[in-house]
Protein chains: 2
Amino acid sequence: MAAREYGQFDGIATAVELIGERWALLIVRDLLVGPRRYSDLKLGLPKIPTNVLSARLKELQSSGIIERIPLHHGLAYRLTSFGQQLEDVVLSLGRWGFQALGEPKPGEIITPDSMAMTFRTAFQPAIARLLPATTYDAQITDFGLRLQVYSDQLEVEPFESVSKRQSEFDSPYVSFVTDTDIHKLIAGELSATNALSSRSIKILSGDQSLLQRFAQTFHLEAA
Amino acid sequence: MAAREYGQFDGIATAVELIGERWALLIVRDLLVGPRRYSDLKLGLPKIPTNVLSARLKELQSSGIIERIPLHHGLAYRLTSFGQQLEDVVLSLGRWGFQALGEPKPGEIITPDSMAMTFRTAFQPAIARLLPATTYDAQITDFGLRLQVYSDQLEVEPFESVSKRQSEFDSPYVSFVTDTDIHKLIAGELSATNALSSRSIKILSGDQSLLQRFAQTFHLEAA
DNA sequence: CCGCATCCCATGTGATACTG
DNA sequence: CAGTATCACATGGGATGCGG
């Protein structure tokens, strides 16, 4: 396998040797959201062959990028601190790739972890810190993510059902349902008002005017 | 080849589909320094098979990342504006991979383009803007790079021989010879004074005290 | 069920040779 | 100079099996 090295004494070449294999960065992407078990990763990457997932997990371990940890009854994979530092790389890649997203091809999916990272990619801390702390519950096709923004900080966590949470928060709150069209709002191709009138986004509860704030807080340039 | 897609509607997955193939990001790395001809790229990536180089150049063209341009008498490849935006990705990767560089393995090379990008990766604009404009001529094994720093800007260009240039510049100037040990200076593993006394770096002309400034201006954390 | 290991085949990659 | 052609081999993809 010496033939698979690039033969260059260089940071970029070294990085690509470590995380350039197919699927490796997508595994890292999902682990950036939090520790995951083998079966979680498999769920988040339905098209990865199990042997490849196994192989990547081993390679990433021996490179010191991830480590196995015990998790209640079973085990999980977690990024080491070295692996955590790939966050910049993954966010840069996401920012660049977002421009080439285009329309979803048939069969393409959005997973909770990939969407969580998309929100982190699109998050604009400099703008957020000028706005009041706000909680957004986004129901995207078949899963929900709660986005808590306070000052220039963002926290993303999954939630089960929207339910009657509105009054649970002191801070401004809105919950909405959407699908891949959320990307158009983030790209600015669709304004908050147009997203509502075209039913791309439907308010479930809370203050619908907060959708404007959402679009300011989460923004990426498209093509 | 549909089987080689990740099946995810996501910026990171899209990015990895576009520039995740072997060698692709190293080609981009070299093109970030400037337009290059086929033979330039081959020289900068001695271990790439010619058919793979051909294939990548075609793929990168049809992805809109690079384009062919006429160059004096012949042709060259150049990043499109979409491709240029990979700079963040490549710099992040370089910053991360630098930590894992370790010692050069036998046969590993440093090319002018890879080193130019390493300098751009290590460049600290916030620190540089507090220091006087300075020109550094670095002779690294078999090639030379001139680094011109003014305010928070960096320009890297190749040069042929150090010669009697010292008085050519009004601004502070130093020229030196080094090898892979330059990375230890950048990593802070070796101080400017120790680099000189251990002969890791030899001053050719100019003000040797500027090596301190160099180490401040170009810095990356190591392991 | 979770966490893989095995098998087989398609495709990508690498080395070398060769051509417009 | 700027690639193509060919062939051997390594890796990836998909299905299936299997122990704890």
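Every chain is numbered from 1 and lettered A, B, ... according to where its sequence line falls, protein lines coming before strand lines. All values below were derived from every heavy atom in this structure, side-chain atoms included, with hydrogens, water molecules and symmetry-related copies excluded. What you see is a predicted model, and the numbers here were worked out from it, not measured in a lab.
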S.K.: Between A/L53 (CG) and D/dT11 (P), how many Å, whole number?
M.R.: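 After rounding, the reported distance stands at 18 Å.
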S.K.: Does D/dA15 have OP1 or OP2 under 4.0 Å away from a side-chain N or O of A/K47?
M.R.: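 Checking A/K47 against D/dA15: no side-chain N or O falls below 4.0 Å of OP1 or OP2.
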S.K.: Which residue lies toward the 5' end of DNA chain C, B/T50 or B/E59, if each is placed at its nearest nucleotide?
M.R.: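 Final value for this comparison: B/E59.
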S.K.: NA contact type, A/L75, heavy-atom cut-off 4.0 Å: base, sugar-phosphate, or nothing?
M.R.: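 Here A/L75 touches the backbone only, sparing every base.
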S.K.: Less than 6.0 Å separating the ring centroids of B/F119 and B/F218?
M.R.: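 Ring centres of B/F218 and B/F119 closer than 6.0 Å.
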S.K.: Verify side chain to side chain donor-acceptor pair (under 3.5 Å) between A/S114 and A/T111, making sure each step is shown before the conclusion.
M.R.: CA-CA 5 Å; A/S114 77; A/T111 67; 3.2 Å; yes
S.K.: A/R56 side chain N/O closer than 4.0 Å to the phosphate oxygens (OP1, OP2) of D/dG12?
M.R.: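 A/R56 to D/dG12 OP1/OP2: side-chain N or O found under 4.0 Å.
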S.K.: Could you state the CD-P distance from B/E21 to D/dT11, rounded to the nearest angstrom?
M.R.: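 These atoms are roughly 15 Å apart.
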S.K.: Given atom CG of B/N51 and atom C1' of C/dG12, what is their separation to the nearest angstrom?
M.R.: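 Atom CG in B/N51 sits about 10 Å away from atom C1' in C/dG12.
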S.K.: Determine the contact category for B/S54: base if any of its heavy atoms lies under 4.0 Å from a base atom, sugar-phosphate if only primed atoms, P, OP1 or OP2 are that close, otherwise nothing.
M.R.: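 Base contact.
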S.K.: With respect to the phosphate group of C/dC4, does any side-chain polar atom (N or O) of A/Y77 fall under 4.0 Å of OP1 or OP2?
M.R.: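 Result: yes.
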S.K.: So, are B/E103 and B/K184 salt-bridged, with charged N and O less than 4.0 Å apart?
M.R.: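 The answer is yes: the pair qualifies as a salt bridge.
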S.K.: Cation-pi check for B/Y6 against A/R22: NZ or CZ below 6.0 Å from the six-membered ring centre and within 45 degrees of the axis, yes or no?
M.R.: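 Pair A/R22/B/Y6 counts as cation-pi.
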S.K.: Write down the distance between CG (A/D40) and C1' (C/dC2), rounded to a whole number of angstrom.
M.R.: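 Rounded to the whole Å, the gap is 11 Å.
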S.K.: OP1 or OP2 of D/dG13 versus the side-chain N and O atoms of A/W23: is any pair under 4.0 Å?
M.R.: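 True: A/W23 side-chain N/O within range (under 4.0 Å) of D/dG13 OP1/OP2.
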S.K.: Is B/D30 salt-bridged to B/R36, cutoff N-O under 4.0 Å?
M.R.: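 Result for this pair is no, no salt bridge flagged.
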S.K.: Write down the distance between CD1 (B/I48) and C1' (D/dG3), rounded to a whole number of angstrom.
M.R.: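 Rounded to whole Å, this separation is 13 Å.
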S.K.: Looking only at side-chain N and O atoms, does A/K58 come under 4.0 Å of OP1 or OP2 in C/dA5?
M.R.: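 Answer yes for this pair, as a side-chain N or O of A/K58 is under 4.0 Å from OP1 or OP2.
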S.K.: Between C/dG12 atom P and A/R22 atom CZ, what is the distance in whole Å?
M.R.: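 Computing the A/R22:CZ to C/dG12:P distance gives 9 Å.
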S.K.: Measure the distance from CG on A/L71 to P on C/dC2 and round it to the nearest whole Å.
M.R.: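 To the nearest whole Å, that distance equals 13 Å.
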S.K.: Whole-Å distance between D/dG14 P and B/R4 CZ?
M.R.: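 Rounding to the nearest Å, CZ of B/R4 and P of D/dG14 are 10 Å apart.
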